[in-house]
Chemist: 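Would you mind keeping the following structure in view while I ask a few things?
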Protein chains: 4
Amino acid sequence: MAQDLELLLHDNTFAGYTDKQLAIVEAAVDVFAAKGYANSSTHEIAKRAGVAEGNIFSKFGNKRGLLDAIINPVLRSIFPDMVHNLQTDEFQRHYTNLREFISVLVGRRYEFMKSNARVMKIFIAEVVYNTDLRQKVVARFPEGYWQLLFGEFDDLRQRGMLVDWDNSTVMFYLIASAAGIIGGAMLFNQEIAPHTQTQMIDAITRALSPA
Amino acid sequence: MAQDLELLLHDNTFAGYTDKQLAIVEAAVDVFAAKGYANSSTHEIAKRAGVAEGNIFSKFGNKRGLLDAIINPVLRSIFPDMVHNLQTDEFQRHYTNLREFISVLVGRRYEFMKSNARVMKIFIAEVVYNTDLRQKVVARFPEGYWQLLFGEFDDLRQRGMLVDWDNSTVMFYLIASAAGIIGGAMLFNQEIAPHTQTQMIDAITRALSPA
Amino acid sequence: MAQDLELLLHDNTFAGYTDKQLAIVEAAVDVFAAKGYANSSTHEIAKRAGVAEGNIFSKFGNKRGLLDAIINPVLRSIFPDMVHNLQTDEFQRHYTNLREFISVLVGRRYEFMKSNARVMKIFIAEVVYNTDLRQKVVARFPEGYWQLLFGEFDDLRQRGMLVDWDNSTVMFYLIASAAGIIGGAMLFNQEIAPHTQTQMIDAITRALSPA
Amino acid sequence: MAQDLELLLHDNTFAGYTDKQLAIVEAAVDVFAAKGYANSSTHEIAKRAGVAEGNIFSKFGNKRGLLDAIINPVLRSIFPDMVHNLQTDEFQRHYTNLREFISVLVGRRYEFMKSNARVMKIFIAEVVYNTDLRQKVVARFPEGYWQLLFGEFDDLRQRGMLVDWDNSTVMFYLIASAAGIIGGAMLFNQEIAPHTQTQMIDAITRALSPA
DNA sequence: CATGAATGAGCGTTCATTCAT
DNA sequence: AATGAATGAACGCTCATTCAT
């Protein structure tokens with residue numbers, strides 16, 4: 001939990017929360033991740049948080065509001081406000097090769113997910129049945145982001161370092177295989193050893209290299 | 001649904017079902033896939049099936065029994081009884097190269113999943129929170145299966161066609177990336193065009209080829 | 001069961017019953033006695049009888065009708081049609097002493113109850129909550145019966161063999177203590193050994209003898 | 001009801017109950033006694049108590065818990081914790097004759113049952129079908145209790161005041177006939193007039209006196 | 001007569017939510 | 001803000017009863 005909360009606490013969502021309210025969020029993350037949102041009761045969450053059930057509703061309005069309070073920071077964190085990062089972060093530098101590029105993109109996401117496994121599980125379970133949320137995720141990537149990312153692809157391809165596919169197909173393979181690898185590991189509660197991480201990134205790199 | 005039922009009807013699980021009982025299964029697949037098992041009510045399923053609610057319980061015992069009736073055929077179909085298939089099927093032939101091997105293994109699963117998208121969604125959602133079911137899936141792969149699969153890996157590796165990793169790491173990448181690709185497509189209700197299928201299999205092949 | 005049925009079969013209620021219908025009655029006696037009428041299901045009775053559930057309703061109308069078919073013979077048997085017995089049976093002879101009188105009255109009822117333990121249990125449980133049935137029981141004892149019984153009491157009292165109480169009080173003690181003794185034994189599924197039977201009858205005799 | 005509650009309120013089981021929770025117990029005693037536990041619905045109990053049905057379950061867990069809350073005080077009251085009462089109460093004094101002894105033992109129970117008729121009815125009906133509860137009743141009489149009671153019997157017998165039977169047979173007659181008398185009275189909702197009480201105790205005394 | 005699939009009212013129970021304290 | 005008793009709609013489920021075969 002400490003890890004999960006560490007992340008959530010960096011989000012301004014939780015500024016001004018009382019100790020009890022934070023305890024509710026902590027407990028909710030535990031319970032939602034263990035049994036799924038629909039199978040969790042506000043009674044159990046309140047008990048685990050050591051507070052009265054009413055507190056959940058005075059702060060979060062309803063059970064759904066509590067879920068949103070957990071999910072929204074994920075939306076903001078894993079898909080950080082791309083507009084602000086455009087000039088900095090992932091695209092400010094020039095990658096000398098495909099492997100370095102993949103390593104940064106995937107590695108960063110893996111670190112995040114590893115540190116926030118329970119919150120991520122809640123988020124993903126919600127995304128599966130929630131079309132609105134799915135569209136919100138897509139909406140977090142503004143036009144400009146794709147331009148920069150695809151620009152990076154184009155650059156690598158011109159230098160003969162990237163397979164000759166549609167940019168969107170490249171992106172799909174990158175996201176899908178990385179998500180499969182990370183999700184698979186999480187499903188069995190296992191970390192990916194550093195050596196294996198290297199192997200995985202090597203493999204994705206080969207996959208996206210020209211034939 | 002037509003597609004889903006087509007599959008399920010080939011499974012002997014549904015032999016002897018009355019029309020109403022089949023209608024319940026059809027409706028349940030619809031509702032479970034749309035809202036998740038926990039958020040679905042037997043009342044809604046019965047209404048959609050045009051049937052009295054009691055029928056669900058006289059046939060399936062309880063709500064969970066209805067889920068099992070949907071899930072068990074998946075277990076039998078996507079992970080067929082490997083013990084009996086050892087000499088036949090996927091391992092009877094000799095693959096001339098890695099790509100052919102991957103193409104058969106992955107392609108076959110993709111076809112199945114595409115035809116049974118809703119049932120698969122139900123199955124996967126259940127696996128995430130159900131440790132028992134996860135172990136059942138694992139148990140469907142007996143020792144002998146791994147020996148044959150890994151023997152195939154060893155053979156390909158000796159012929160210089162497979163990356164020099166642990167067999168289990170190879171397998172993990174293969175399953176995880178394929179699952180990510182197929183799951184990602186299903187999440188957005190999209191088929192993978194034949195051309196893209198080729199690209200994906202090419203990519204996985206490169207990923208698992210020696211450096 | 002054999003014993004219970006032996007009794008019930010002597011009642012003309014069961015004349016013309018098919019084998020299946022008799023099997024239903026047998027099964028119902030078992031189940032009602034074990035779990036109580038309200039906690040027994042027609043499904044279980046039908047299963048135990050090896051017949052389809054519908055048979056219960058085509059023969060007995062409803063579940064209550066099945067209970068009545070079991071209870072009515074008890075009403076007729078344990079409280080036999082007193083009018084017909086007036087000249088015969090219990091009051092035709094002259095008892096030489098109180099003990100002999102009690103021995104016949106109580107002994108006969110005990111034998112009946114021992115042979116029909118399960119049916120009696122069903123009957124008693126029903127009587128507790130069923131005012132109508134209670135009144136039916138009372139109604140089985142016509143005016144003439146009391147006259148004869150109380151006449152017997154008066155006779156014994158005049159001969160100095162019976163306590164100087166109201167006849168109705170004598171009767172109450174007689175019935176209540178005998179019922180308590182027999183019921184207590186049945187509650188723990190135990191027979192009363194012949195030696196103990198003698199002791200009990202001796203005791204009741206002393207209880208009702210003049211001080 | 002007032003009477004019943006008077007008793008139950010003296011039991012610490014009901015300390016800390018809210019008004020509504022007490023109303024539930026009151027209503028449950030009414031309904032259970034009138035129709036039997038199995039035929040009573042929580043809906044009816046809640047309605048009669050003027051309370052939402054959910055309150056039953058938040059306080060008592062389930063319907064059975066409500067029955068237990070009614071039954072347990074009976075267990076504690078009618079069969080008080082004998083271990084602690086060994087030196088006091090019924091056995092501390094020396095009875096000068098059998099009648100006095102019976103009068104205390106039976107009279108005390110009769111007073112209790114008369115004041116708690118409905119609760120007793122519920123208790124007895126439950127005992128008939130509940131083997132566990134029957135054993136609990138038996139378990140409330142520890143070894144030491146029997147020793148004292150049988151010691152009292154032995155003492156009376158040596159003084160020529162008690163019939164020459166097994167102690168357990170004496171006890172059985174005592175309990176069974178008293179229970180039959182009290183139960184019979186309760187079955188027809190009638191009190192036993194003081195004069196009749198005297199007669200009954202006299203009768204039991206004679207029954208257990210030497211021939 | 002016999003069957004058992006089908007029905008649906010009613011049950012015990014859960015739980016998000018409200019609100020007086 | 002904090003409490004938890006109270007609420008009642010909705011749930012999964014049971015079971016007496018019906019009826020087409």
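Proteins get letters first, then strands, A, B, ... in listed order; numbering begins at 1 in each.
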Chemist: In terms of the nearest nucleotide of DNA chain E, which residue is placed more toward the 5' end: A:R64 or D:G61?
Modeler: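 Here D:G61 is the residue nearer the 5' end.
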
Chemist: Does F:dC15 have a Watson-Crick or wobble mate here (both distances under 3.5 Å), and if so which one?
Modeler: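 E:dG8 - that is the nucleotide pairing with F:dC15, both distances being under 3.5 Å.
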
Chemist: Rounded to whole angstrom units, what separation is found between the NZ atom of D:K47 and the P atom of E:dG10?
Modeler: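 Spelled out: NZ on D:K47 to P on E:dG10 is 12 Å.
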
Chemist: In whole angstrom, what separates A:K63's NZ from E:dT14's C1'?
Modeler: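 After rounding, the reported distance stands at 11 Å.
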
Chemist: Please give, in whole Å, the distance from E:dA16 P to A:L66 CG?
Modeler: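 Answer to the nearest Å: 11 Å.
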
Chemist: Rounded to whole Å, how long is the line connecting atom CD of C:E53 with atom C1' of E:dC1?
Modeler: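 Rounded to whole Å, this separation is 17 Å.
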
Chemist: How many Å lie between NZ on C:K59 and C1' on E:dT3, as a whole number?
Modeler: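 These atoms are roughly 18 Å apart.
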
Chemist: If we only count heavy atoms from C-beta on, is the B:I24 to B:F60 side-chain gap below 4.5 Å?
Modeler: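 Heavy-atom side-chain distance check passes, below 4.5 Å.
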
Chemist: Pick base, sugar-phosphate or nothing for B:K20, based on heavy-atom distances below 4.0 Å to the nucleic acid.
Modeler: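 Touches sugar-phosphate only.
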
Chemist: In residues 33-43 of chain B, which ones come under 4.0 Å of DNA chain F, going by heavy atoms?
Modeler: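 B:S40, B:S41, B:T42, in order of number.
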
Chemist: Given the rule in the side-chain contact (heavy atoms from CB on, under 4.5 Å) test, do D:V137 and D:F123 qualify, once you have shown the distances and angles that lead to the verdict?
Modeler: CA-CA 11 Å; D:V137 171; D:F123 181 82; 3.8 Å; yes

Chemist: Can you tell me how far P of E:dA16 sits from CG of A:N55, to the nearest Å?
Modeler: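 It is 15 Å, rounded to the nearest whole Å.
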
Chemist: Between which nucleotides of DNA chain F, read 5' to 3', does contact with chain B run, using atoms under 4.0 Å from its heavy atoms?
Modeler: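 Using the under 4.0 Å cut-off, the span is F:dC11 to F:dT14.
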
Chemist: Do the non-hydrogen side-chain atoms of C:K121 and D:V128 ever get within less than 4.5 Å of each other?
Modeler: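 Side chain of C:K121 against side chain of D:V128, heavy atoms only: contact under 4.5 Å found.
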
Chemist: Nearest 0.5 Å, what's the NZ-CG distance between B:K59 and B:N55?
Modeler: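 Going from the NZ atom of B:K59 to the CG atom of B:N55 covers 11.0 Å.
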
Chemist: Using the closest heavy atom to pick a nucleotide of DNA chain E for each, name whichever of C:V51 or D:G54 lands nearer the 5' end.
Modeler: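 Nearest nucleotide further toward 5': that of C:V51.
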
Chemist: At what distance, to the nearest 0.5 angstrom, does NE2 of D:H43 lie from CZ of D:R48?
Modeler: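 Output value for this atom pair is 12.5 Å.
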
Chemist: Would you list the atom pairs, donor with acceptor, under 3.5 Å between side chains in residues 62-70 of chain B and any protein atom, with sequence neighbours excluded?
Modeler:
unit_1: B:N62; atom_1: OD1; unit_2: B:R64; atom_2: N; d: 3.3
unit_1: B:N62; atom_1: OD1; unit_2: B:G65; atom_2: N; d: 2.8
unit_1: B:K63; atom_1: NZ; unit_2: B:Y37; atom_2: O; d: 3.0
unit_1: B:K63; atom_1: NZ; unit_2: B:S40; atom_2: O; d: 2.8
unit_1: B:R64; atom_1: NE; unit_2: B:D68; atom_2: OD1; d: 3.1
unit_1: B:R64; atom_1: NH1; unit_2: B:E126; atom_2: OE2; d: 2.6
unit_1: B:R64; atom_1: NH2; unit_2: B:D68; atom_2: OD1; d: 3.0

Chemist: Whole angstrom is fine here: how far is it from CD1 in B:I56 over to P in E:dT7?
Modeler: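 One finds 11 Å between P of E:dT7 and CD1 of B:I56, rounded.
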
Chemist: Step through the shown structure and confirm whether more than 12 heavy atoms of other residues, nucleotides or ligands are within 6.0 Å of NZ on A:K136.
Modeler: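 Incorrect, the count does not exceed 12.
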
Chemist: Nearest 0.5 Å please: distance from the CD1 atom of A:I71 over to the CE atom of A:M120.
Modeler: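 A:I71 CD1 to A:M120 CE: 10.0 Å, rounded to 0.5 Å.
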
Chemist: Please report, rounded to the nearest Å, how far the P atom of E:dA2 is from the CZ atom of C:F60.
Modeler: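 Atom-to-atom, C:F60 to E:dA2, this comes out as 11 Å.
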
Chemist: Could you grab the distance from atom OG of B:S41 to atom CD of B:E53, nearest 0.5 Å is fine?
Modeler: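 These two atoms lie 7.0 Å from each other.
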
Chemist: Whom does F:dT21 pair with, Watson-Crick or G-U wobble, provided both distances fall under 3.5 Å?
Modeler: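 The answer is E:dA2, by the H-bond criterion.
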
